[in-house]
Participant: 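One structure follows; several queries about it will come next.
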Protein chains: 2
Amino acid sequence: MSDFATLSSVTHSSSTLSAELTNTLRDAIITGEIAQGTKLSETKMAKEFDVSRGPLREALRRLEGMNLIMHIPQQGARVVTLSRELILQLYDTREALESKAVALAAVNMTSQEIDELHREIDAQSKQMRENSGAFVPAESDYRFHEMVVRGSKNKVIERALIHEIYNLIKMFRYQNEFANTSSTNSLIEHRQIVYAIEQRDPILAEVTMKRHIVHARERIERRMSAN
Amino acid sequence: MSDFATLSSVTHSSSTLSAELTNTLRDAIITGEIAQGTKLSETKMAKEFDVSRGPLREALRRLEGMNLIMHIPQQGARVVTLSRELILQLYDTREALESKAVALAAVNMTSQEIDELHREIDAQSKQMRENSGAFVPAESDYRFHEMVVRGSKNKVIERALIHEIYNLIKMFRYQNEFANTSSTNSLIEHRQIVYAIEQRDPILAEVTMKRHIVHARERIERRMSAN
DNA sequence: GAATCCATAAATGTTGACATTTTTCTCAAA
DNA sequence: TTTGAGAAAAATGTCAACATTTATGGATTC
């Protein structure tokens with residue numbers, strides 16, 4: 001555990017202390033600064049972050065809602081452990097939600113939003129030409145997928161993915177280099193997805209997205225030994 | 001609002017006060033005892049339930065994670081309002097998640113679990129023959145769908161549905177008689193779903209479940225005027 | 001009569017202390 | 001050495017009071 005109060009200084013100020021703590025702890029968990037499986041002692045953390053236990057406990061309840069920690073009454077909270085099983089289940093869930101999201105996006109996105117998608121994958125293309133390494137940068141990949149999800153205009157799907165799935169996937173990718181967004185294939189698939197949206201073809205969009213995520217899942221399953 | 005502490009006496013005791021409060025408030029919101037859009041005043045509720053604001057606030061953070069309330073910093077929490085838009089988005093989300101769940105269930109369910117599914121729909125069949133009213137009882141319908149979801153063995157999908165989707169759908173159905181599980185068609189569709197699982201045919205199971213939920217969605221969309 | 005400002009009231013955010021449960025450590029006995 | 005009981009320590013659960021922000025209401029002005 002050591003001293004994970006270090007990140008707190010960098011955190012942008014939110015409206016309430018509890019909300020700030022939530023963001024700080026979320027980031028510390030995603031990056032692994034607080035390791036998987038760590039017991040989150042309220043008393044120790046309250047001292048480290050120099051806050052009282054009230055707001056801290058509220059932040060823990062929120063992180064529980066994000067699937068980032070598990071809480072057992074009378075025993076406390078632990079950071080989630082990313083087992084091979086959980087990762088694959090996350091990708092199955094993502095496949096279901098995000099393929100539906102892109103089908104809706106094909107109907108509901110504005111042409112302006114589609115333009116933004118183009119700009120994002122053009123940037124990806126440029127970065128991959130410049131850097132010899134054939135990887136879509138993680139941040140850009142997240143932006144792309146979040147733009148699609150927001151384009152669905154479905155707040156329930158949006159919240160489920162962004163609030164409860166993506167954080168865990170980010171955590172996994174941040175802490176496992178081999179999980180990174182991979183080859184030029186991803187960029188090609190991104191182009192296919194945008195094409196389907198542009199054609200206002202929800203079925204094509206859904207199939208294309210499904211394949212994109214299944215590919216990612218397969219890549220991960222292959223590279224992951226037992227865990 | 002009036003006196004929504006009445007239900008608290010019926011609540012089964014959980015391990016912590018905060019967890020009890022969460023369940024009590026969840027039920028009160030689902031039944032409409034606390035009406036949609038109601039401002040949830042911490043001070044008033046603390047008095048009514050005779051608890052301090054600490055555990056109450058933690059319960060509110062959890063209900064927020066269940067999509068049952070919305071919280072605005074420095075302003076407080078309100079019970080969610082079930083707009084026509086939100087209901088349809090819930091059903092779209094459910095369609096995506098539950099059709100994936102049943103596909104997984106077709107692969108992962110034990111034959112013992114499938115037997116339980118049979119018992120449940122047999123009970124539904126019996127109840128519909130006895131009561132002239134051609135409705136699948138809501139509680140039995142929930143049990144059926146939850147058994148399927150658990151059968152997927154995917155904890156992420158299970159939590160998303162049970163924790164964040166079903167509560168809102170229960171709330172909608174409880175507060176709108178017209179939203180009830182409808183005709184004999186539902187029972188037939190349940191039988192088709194069990195058949196597909198029994199055949200270990202994930203694709204058939206997925207298509208069948210998707211149709212089942214789309215039908216429910218269409219029924220609701222028809223019966224709902226603007227909102 | 002409507003709008004604005006200020007004082008008051010009330011609500012949310014935060015804190016530190018108390019209560020109860022769980023964990024840890026010590027010491028004795030098998 | 002290992003096991004078990006019991007006391008001590010530490011952790012989680014809960015409460016009541018304080019701080020700060022937001023909402024309310026009446027008086028004043030236009």
Participant: Does a salt bridge link K153(A) with E113(A), judged by any charged N lying under 4.0 Å from a carboxylate O?
Facilitator: yes
Participant: When you check the gap from the basic side-chain N to the acidic O, do K155(B) and E158(B) get nearer than 4.0 Å?
Facilitator: yes
Participant: Of all nucleotides in DNA chain C that come within under 4.0 Å of a heavy atom of chain A, which is furthest toward the 5' end and which toward the 3' end?
Facilitator: dT14(C) to dT23(C)
Participant: Between T43(B) and S41(B), is there a side-chain donor-acceptor contact under 3.5 Å, judged purely by atom types and distance?
Facilitator: yes
Participant: Do E218(A) and Y91(A) have side-chain atoms, one donor and one acceptor, less than 3.5 Å apart?
Facilitator: no
Participant: Does the side chain of R62(B) pick up a donor-acceptor pair with the side chain of S18(B) at under 3.5 Å?
Facilitator: yes
Participant: Determine, step by step, whether F49(A) and T24(A) satisfy the side-chain contact (heavy atoms from CB on, under 4.5 Å) criterion, reporting the C-alpha distance in whole Å, the side-chain angles of both residues, the deciding distance to 0.1 Å, and the verdict.
Facilitator: CA-CA 10 Å; F49(A) 291 104; T24(A) 304; 4.0 Å; yes
Participant: Residues of residues 50-64 of chain A with any non-hydrogen atom less than 4.0 angstrom from an atom of DNA chain D: list those, numerically ordered, please.
Facilitator: R53(A), R57(A)
Participant: Do E206(A) and K100(A) sit within salt-bridge range, that is, some charged N less than 4.0 Å from a carboxylate O?
Facilitator: no
Participant: Short of 4.0 Å, heavy atom to strand atom, which residues of residues 71-80 of chain B count as contacting DNA chain D?
Facilitator: Q74(B), Q75(B)
Participant: Show which side-chain atoms of residues 67-77 of chain A pair as donor or acceptor with protein atoms under 3.5 Å away, not counting sequence neighbours.
Facilitator:
| from | atom 1 | to | atom 2 | distance (Å) |
| --- | --- | --- | --- | --- |
| N67(A) | OD1 | R159(B) | NE | 2.7 |
| N67(A) | ND2 | E164(A) | O | 3.3 |
| H71(A) | NE2 | R61(A) | NH2 | 3.2 |

Participant: What residues, two or more places apart in sequence or in another chain, satisfy side-chain hydrogen bond (donor to acceptor under 3.5 Å, both in side chains) together with S140(A)?
Facilitator: E120(A), Q124(A)
Participant: Taking any atom under 4.0 angstrom from a heavy atom of chain B, which nucleotides of DNA chain D are the first and last to qualify, 5' to 3'?
Facilitator: dT14(D) to dA23(D)
Participant: Do the rings of H212(A) and H190(A) sit parallel, tilted or perpendicular, given the 30° and 60° boundaries?
Facilitator: perpendicular
Participant: I need the L25(B) CG to E33(B) CD distance, nearest 0.5 Å.
Facilitator: 9.5 Å
Participant: Quick one, H145(B) with D141(B), criterion side-chain contact (heavy atoms from CB on, under 4.5 Å). Give me CA distance, side-chain angles, the key distance, then yes/no.
Facilitator: CA-CA 6 Å; H145(B) 282 276; D141(B) 187 56; 3.4 Å; yes
